[in-house]
Amino acid sequence: MKRTRNVLQGILWILIYLLLTLAPILVILIGPRPQGREFWREFSVALGFSGLAMVALQFVLTARFKWLKAPYGSDIIYHFHRQISLIAFGMIFTHVFLLMIFSPSNLRLFNLLEAPWRARAGVTALILLLLMIAVSIWRKHLLIDYTKWRIWHGILATVAVILAMVHVILVGHYINTPLKQILWSGGGLFWVFTLAWVRIIRPIQILRTPYDVIRVVPERGNAYTIEIKPVGHRGLKFQPGQFAWLTIWNSPFSDAEHPFSFSSSAEQADHLAFTIKEAGDFTQRIKTLQPGERVWVDGAYGAFSCDRHPHASGYVFIAGGVGITPMMSMLRTLADRNDRRPLLLIYANKTWDGVIFREEIEQLKQRLNLQVIHVLEDPPQGWEGERGFISQTLLERVIPKSSRRNTWEIFICGPEPMMNAVESMLTKMGIWWGDFHSERFNLV
Ligand SMILES: Cc1cc2nc3c(=O)[nH]c(=O)nc-3n(C[C@H](O)[C@H](O)[C@H](O)COP(=O)(O)OP(=O)(O)OC[C@H]3O[C@@H](n4cnc5c(N)ncnc54)[C@H](O)[C@@H]3O)c2cc1C
């Protein structure tokens, strides 16, 4: 029932998205159009308008509206965001390119010193979009810090959309009737509301539901679990496997938030835990947190949860390293619920010493119908378990045949190469892609 509702909701959002991106073209078709303009010129304008609508809708995609993300999950939305930015830029670029091809005299509009303001605004918006895309693609190669990049990404995108709107208003041909003006103003207001939601309304909501650190527990594998409790409110509800954005040492109005999967049981909303592996500046500071320090939590997000597949007859969890965190939340939750369905955990790590939650997983076998297979890249002397990496032979051998008849659900989380390899192995094994679910720790 829940799955059908999600699918229907997912289809509905896609239809609304298509309508909103095509709406500008429909709006152009309503009412009088400039006389004597050839097809290519009108076509190029249509591309420009649709491209602009797509860019403006990017703000909605990344605004973390829960109703929008629920059917797909965050990584699919971010993947779409990345792909659609290329398509939108392609359309806007083609809009400009066609105008140049069919009227080469328009090339003079690129001279920003002498061009009219409508062209200055349009060309600057185009350059900003190009800059944003290039920097986003090559951010890691350019060694740009994620937080700084994110702040500038937001600023440049906002300025680009405002300039593009200024361009549309100054050109003026297509906003010349009251109906068009109402439609454009409505779109503009919705965009402003989205900005206000992200920058003002949501941070205020987060400020009103603070959490305090209870303790920080060192784990194996350079990881630390921070346990937090709600202060003055009842805590948030989440589905095991989901994640939240944490802000520590900063205000929710800053952009300094980081995503982490819940590692605690969803049955204990008054006590949240996140298990965080040291990576860069932020994660290396986690161990210095003291009891009583303030934490802001924005969540829960994501579609990576056994609760989204309640009718499965069993679950397979395939984790690598710190990718165990969402699985741990699911295992702890299922144990708290006395769930007796068969569970299989395939857990890959480099060394035995670095296996996060090793002891607790062993204990969970007492409370769950759980089989655990550790796969070690660099096993200790005398290791009799699986060695190397997760292979298709291993998956063929250990994943129950019944799981291939769509009755089990499979969850994958770990390093990118492991996830890509496992997804391809499962596909080769004939498992339908709808029956396995992936959580990627690199949204950007
Ligand atoms: C859905 C999801 C769930 C996650 N769950 C966990 C978890 O349970 N445990 C865990 O240890 N890690 C988890 N991560 C990864 C964690 O968010 C990053 O390791 C952390 O943000 C790195 O921050 P840093 O400043 O310490 O490292 P850096 O060295 O600055 O960053 C390393 C990389 O992490 C990513 N990153 C950095 N900052 C952010 C940010 N603010 N937002 C998004 N991505 C960022 C970027 O790709 C960056 O290149 C999760 C990530 C996602 C997307």
Side-chain angles (χ1 to χ4, degrees), residues 73-75 78 140 146 213 215-228 238-246 248 257-266 272-289 295 297 299-302 304-306 315-333 345-362 364 372-379 386 389-390 410-423 436-444:
S74 297
D75 51 352
Y78 280 101
K140 285 189 183 163
Y146 173 84
V213 174
R215 64 181 151 260
V216 178
V217 183
E219 306 281 0
R220 293 178 175 278
N222 296 330
Y224 293 84
T225 294
I226 64 165
E227 296 177 11
I228 57 175
F238 68 94
Q239 294 180 335
Q242 286 191 300
F243 71 95
W245 293 83
L246 297 193
I248 317 179
E257 46 181 5
H258 292 251
F260 295 101
S261 302
F262 297 91
S263 59
S264 49
S265 165
L272 306 178
F274 299 88
T275 303
I276 299 176
K277 190 178 170 75
E278 291 187 320
D281 292 348
F282 179 83
T283 46
Q284 280 171 12
R285 274 184 79 188
I286 290 295
K287 58 176 172 282
T288 68
L289 272 172
V295 175
V297 182
Y301 297 104
F304 187 75
S305 175
C306 54
Y315 298 109
V316 178
F317 303 110
I318 306 176
V322 75
I324 191 67
T325 52
M327 318 299 192
M328 202 58 193
S329 176
M330 291 193 253
L331 291 174
R332 285 170 166 162
T333 306
L345 170 64
I346 304 170
Y347 187 12
N349 278 284
K350 197 167 172 57
T351 64
W352 186 231
D353 275 347
V355 178
I356 307 173
F357 300 128
R358 192 176 96 188
E359 290 78 6
E360 190 183 337
I361 289 171
E362 207 46 39
L364 278 169
V372 181
I373 295 171
H374 288 284
V375 185
L376 295 181
E377 201 185 323
D378 188 7
E386 303 292 335
F389 297 109
I390 296 174
I410 304 177
F411 295 88
I412 314 161
C413 184
E416 188 78 13
M418 182 208 102
M419 296 187 63
N420 294 339
V422 169
E423 285 170 353
F436 55 87
H437 317 281
S438 301
E439 183 74 296
R440 286 187 153 70
F441 278 3
N442 54 338
L443 286 179
V444 283

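For reference, positions follow the sequence shown, starting with 1. The shown structure was predicted, so the numbers you read here are calculated from the model rather than taken from an experiment.
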So [Y] and [X], do their side chains get closer than 4.5 Å, heavy atoms only?
X	Y	value
Pro240	Cys306	yes
Ile346	Val375	yes
Tyr146	Lys140	no
Tyr224	Thr275	no
Val213	Ile248	no
Phe441	Ser261	yes
Met328	Leu364	yes

How many angstroms lie between [atom1] in [X] and [atom2] in [Y], if you round to the nearest 0.5 Å?
X	Y	atom1	atom2	result
Glu278	Thr283	CD	OG1	7.0 Å
Thr225	Arg215	OG1	CZ	10.5 Å
Glu377	Glu386	CD	CD	14.5 Å
Phe274	Glu227	CZ	CD	11.5 Å
Tyr347	Asn349	OH	CG	4.5 Å
Met327	Ile356	CE	CD1	12.5 Å

**Prompt:** In terms of ring plane angle, is the pair Phe238 and Phe262 parallel, tilted or perpendicular, where the classes change at 30° and 60°?
**Reply:** parallel

**Asked** Which word best sums up how the rings of Phe282 and His258 line up, parallel for under 30°, tilted for 30 to 60°, or perpendicular for over 60°?
**Response** parallel

**Message:** Could you check, using the six-membered ring where one of them is a Trp, whether Phe304 and Phe411 have ring centers closer than 6.0 angstrom?
**Reply:** yes

Closest non-hydrogen atom pair between [X] and [Y], with its separation:
X	Y	answer
Trp352	Leu376	CB-CD1, 3.7 Å
Val355	Thr351	CG2-O, 3.3 Å
Glu416	Asn442	OE1-OD1, 3.1 Å
Ala266	Thr333	N-OG1, 2.9 Å
Leu246	Ile276	CD1-CD1, 4.4 Å
Ile412	Val422	CD1-CG1, 4.0 Å

**Prompt:** Partners of Glu257 by side chain to side chain donor-acceptor pair (under 3.5 Å), sequence neighbours excluded?
**Reply:** Arg64, Arg150

**Prompt:** Which is it for Arg220 and Glu359 under the salt bridge (charged side-chain N to carboxylate O under 4.0 Å, His left out) test, yes or no, and what are the steps along the way?
**Reply:** CA-CA 10 Å; Arg220 293 178 175 278; Glu359 290 78 6; 2.7 Å; yes

**Request:** Begin from the C-alpha positions of Ser263 and Thr325 and carry the test side chain to side chain donor-acceptor pair (under 3.5 Å) through to its verdict.
**Result:** CA-CA 5 Å; Ser263 59; Thr325 52; over 6 Å; no

**Asked** Would Glu423 and Ser438 count as a side chain to side chain donor-acceptor pair (under 3.5 Å) if you check the C-alpha gap in whole Å, the side-chain angles of each, and the deciding distance to 0.1 Å?
**Response** CA-CA 8 Å; Glu423 285 170 353; Ser438 301; 2.5 Å; yes

**Request:** For Arg440 and Asn420, test the side chains for any donor-to-acceptor distance below 3.5 angstrom and give the result as yes or no.
**Result:** yes

**Asked** In terms of side-chain heavy atoms, does Gln242 have a donor or acceptor partner in Ser305 at a distance below 3.5 Å?
**Response** no

**Message:** Show, in sequence, the C-alpha distance, side-chain angles and deciding distance for Phe260 and Phe243, and conclude whether the side chain to side chain contact (heavy atoms under 4.5 Å, CB included) test is met.
**Reply:** CA-CA 5 Å; Phe260 295 101; Phe243 71 95; 5.9 Å; no

**Prompt:** Does the ring of Phe357 carry Arg332 above it, NZ/CZ under 6.0 angstrom from centre and within 45° of its axis?
**Reply:** yes

**Prompt:** Does NZ in Lys287 sit with more than 12 non-hydrogen atoms of other residues, nucleotides or ligands closer than 6.0 Å?
**Reply:** yes

